Number of protein chains: 2
Amino acid sequence: MTEKTQAEALADAGGGRRSERSRAAILAAARERFAADGYERATIRAIAADAAIDPAMVMRYFGNKEKLFAAAAEFDLRLPDLSALPPDEAGAALINHFLNRWEDDESLKALLRASVTNPVAADRMRELFAGQLGPMIARLTDPADAGTIATRAGLVATQALGFALCRYVLELEPIAALTRTEAVAWLSPTITRYLTGTP
Amino acid sequence: MTEKTQAEALADAGGGRRSERSRAAILAAARERFAADGYERATIRAIAADAAIDPAMVMRYFGNKEKLFAAAAEFDLRLPDLSALPPDEAGAALINHFLNRWEDDESLKALLRASVTNPVAADRMRELFAGQLGPMIARLTDPADAGTIATRAGLVATQALGFALCRYVLELEPIAALTRTEAVAWLSPTITRYLTGTP
DNA sequence: TTCCCAAGTCAACACTTGTTGACCTACGGT
DNA sequence: ACCGTAGGTCAACAAGTGTTGACTTGGGAA
């Protein structure tokens, strides 16, 4: 009864496969495991167990572990357009958005944990900052300084990733205990200078 | 007991006992592999092969993989005393020292790569910044602001580790291509503010 | 009803890992 | 000379990995 409705809805949703629910369960479990354990310690068997699904199904749906990771670590920074803001508020807005994004999607944690040992993940990380942050910064930057855009994006990446590494992965105190307000207060000037300042 | 005395005596003897050479070779290979591959991808067999030594010898000398890592990732930041410098030069000096330290000892890279998935490594990383950077900052800080020392150390860690992550591990361009001078110029104001400034 | 086929299960594969214990071997003290 | 032992070799172990292929099941179409 209920199942029929689900099946129909699911059939509509995807390209025709009826097992979207299993696929979604695997993906959710994979995100969790990759985020918690990193690429090599997260095993297909553990992911399958979390999703209450046979390990063979994981292979059926995603081909192999690397493709599963690629699907689980798909991520978009969803950067807002900050060009409307006064320059001295852009830094605070950006770091705030970044922390939000970090906290409500485990994919970023999975990506960071994996990117340290997995080339594919590292590539995606690079593309995230070069391909998404760069263009956003371009809209804030005086065309005369266009040559500095990539550097600015990179510098923002160093501070943003470093903070996330210490706060969410290493759980280094007292960084992990900082309130959101404190964190933003300390980081904003740094980000702002990287966005629009000079060395 | 007896073994150590003998080993030392033999090492002192002049010829260089093979066991000490083996031990050193294993450690060097381990540092290299852990730095390049991270904890789980660096295998005892690969390390032994690099050192041209039987895998069983690695176990004989270091007990198990975790202890080998602990020995290979022993590290000291060797922080200089910056309290003699004018406050606005301390940031530049510190980041310069940090980059030097990073570049001439692979242990830090090994530690960072491993600390993302290995609890022991993460612990050592935390202790590095809390136990070594903290005390150094204390000497720069007005006793009235003693309560901010740990936070300052943590913030410096976020920027320093984030930069190292992007430059040496992720090899994110254009951060990896920055000259030392450029890097120091961009980071110094950030570090200086974390050391002595306010949000 | 019968039949088909995708979804799901099971057991095994080939391989790699850390780790162990039995076995050599060369050399310094006696 | 001998012999004990530290240093080194070899092969195997048990556990765990990603991955595969043959089998079973259930629900919708005929």
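Values in this document were obtained by computation on a predicted structure and should not be read as measured data. Just so it is clear: chains get the letters A, B, ... in the order the sequence lines come, proteins before strands, and each one is counted from 1.
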inquiry  = If the cut-off is 4.0 Å, is Tyr61(B) near the phosphate of dG8(D), judged by side-chain N/O to OP1 or OP2?
reply    = yes
query = Under 4.0 Å: is that the gap between some side-chain N or O of Ser22(B) and OP1 or OP2 of dG7(D)?
reply = no
Would you tabulate the nitrogen or oxygen pairs shorter than 3.5 Å linking the protein to nucleotides 20-23 of chain C?
none

In whole angstrom, give the distance that lies between atom [atom1] of [X] and atom [atom2] of [N].
X        : N       : atom1 : atom2 : answer
Glu20(B) : dG7(D)  : CD    : P     : 9 Å
Asp37(A) : dT17(D) : CG    : C1'   : 15 Å
Arg33(B) : dG18(C) : CZ    : P     : 12 Å
Met57(B) : dT9(D)  : CE    : P     : 7 Å
Arg45(A) : dA15(D) : CZ    : P     : 14 Å
Ile44(A) : dA12(C) : CD1   : P     : 21 Å
Glu66(B) : dG18(C) : CD    : C1'   : 12 Å
Ile53(B) : dT9(D)  : CD1   : C1'   : 12 Å

Between [X] and [Y], do the side chains contain an N or O donor and an N or O acceptor separated by less than 3.5 Å?
X         : Y         : answer
Thr158(B) : Gln159(A) : yes
Arg41(B)  : Asn118(A) : no
Tyr39(B)  : Glu40(A)  : no
Arg124(A) : Ser115(A) : no

query = Under 4.0 Å between a Lys/Arg side-chain N and an Asp/Glu carboxylate O for Arg180(A) and Glu103(A)?
reply = yes
Within one Ile-Leu-Val-Met-Phe-Trp-Tyr cluster: Phe75(B) and Leu170(A), side-chain cutoff 4.5 Å = yes
request  = Quick one: sort the Phe69(B) and Phe34(B) rings into parallel, tilted or perpendicular, breaks at 30° and 60°.
outcome  = perpendicular
task = For Ala42(B), answer base if it contacts any base atom (sugar-phosphate contacts may also be present), sugar-phosphate if it contacts only those atoms, and nothing otherwise; contact means non-hydrogen atoms under 4.0 Å.
result = sugar-phosphate
